[in-house]
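A quick note: this is a predicted structure, and the numbers were derived from the prediction, not measured.
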Amino acid sequence: LETYVALSAVLFVSGFFGVLLRRNTLVIYMSLELMLLASTLALVAFSRFHGTLEGAVFVFFILTIAAAEVAVGLAIIVALFRRRHTVQVE
């Protein structure tokens, strides 16, 4: 359990610093997705540790919503690129 939680923390922190330090909207978006992945990894680890399926079911719903989020987020980024001709955050 400790290994999974440590890996989840490392992924979350790297995503957090990616959001704070980067100026490219695609990189910021990937960092946000990395943070979401880190939280789902922690949910699966705790679910497996306790021997229940609630965490795994919750992760299934999170990943389903994340797929829709990716489609909407990339559409917004493409619309911003068409309008401003750059993906850099000002």
Side-chain angles (χ1 to χ4, degrees):
L1 177 67
E2 295 85 14
T3 306
Y4 292 115
V5 173
L7 177 61
S8 176
V10 167
L11 288 173
F12 191 86
V13 168
S14 64
F16 182 74
F17 282 120
V19 169
L20 288 180
L21 300 176
R22 299 296 179 173
R23 293 288 165 222
N24 189 330
T25 54
L26 289 173
V27 175
I28 291 172
Y29 194 67
M30 286 191 301
S31 298
L32 286 171
E33 291 295 323
L34 189 63
M35 291 168 63
L36 182 64
L37 180 69
S39 65
T40 58
L41 177 63
L43 277 172
V44 169
F46 284 118
S47 175
R48 186 171 176 132
F49 178 72
H50 290 293
T52 61
L53 289 177
E54 287 94 11
V57 171
F58 195 58
V59 165
F60 176 73
F61 287 115
I62 288 173
L63 292 179
T64 303
I65 293 171
E69 174 196 358
V70 166
V72 171
L74 288 178
I76 291 171
I77 290 172
V78 167
L80 286 173
F81 178 75
R82 286 181 179 170
R83 182 176 201 101
R84 297 187 327 179
H85 301 290
T86 184
V87 291
Q88 300 298 323
V89 176
E90 295 173 358

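Hydrophobic clustering (side-chain heavy atoms under 4.5 Å, transitive across Ile, Leu, Val, Met, Phe, Trp, Tyr) keeps F60 apart from F46. Residues V72 and L80 share a hydrophobic cluster, clusters being chains of Ile/Leu/Val/Met/Phe/Trp/Tyr side chains in contact below 4.5 Å.
Sorted pairs that involve residues 63-88 and meet side-chain hydrogen bond (donor to acceptor under 3.5 Å, both in side chains), not counting sequence neighbours, are lacking altogether. Screening residues 21-47 for side-chain hydrogen bond (donor to acceptor under 3.5 Å, both in side chains), with sequence neighbours left out, gives no hits.
Scanning for side-chain hydrogen bond (donor to acceptor under 3.5 Å, both in side chains) contacts around E54 gives T52, with sequence neighbours left out. Every side-chain contact (heavy atoms from CB on, under 4.5 Å) that F81 has, sequence neighbours left out, goes to V87.
Grouping Ile, Leu, Val, Met, Phe, Trp and Tyr by side-chain contacts under 4.5 Å, direct or through others, puts M30 with V27. Counting Ile, Leu, Val, Met, Phe, Trp and Tyr side chains that sit under 4.5 Å apart, directly or through other members, I62 shares a hydrophobic cluster with L36, L43, V44, F58, V59, L63.
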Only pairs under 3.5 Å count here: list side-chain donor-acceptor contacts from residues 1-12, not counting sequence neighbours, and write none if there are none.
{"residue": "S8", "atom": "OG", "partner": "A38", "partner atom": "O", "Å": "2.5"}

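Nearest heavy atoms, S14 versus L34: OG-CD2, 3.4 Å.
Taking CG of L32 as the reference point, atom CG of L37 lies at 12.5 Å (rounded to 0.5 Å).
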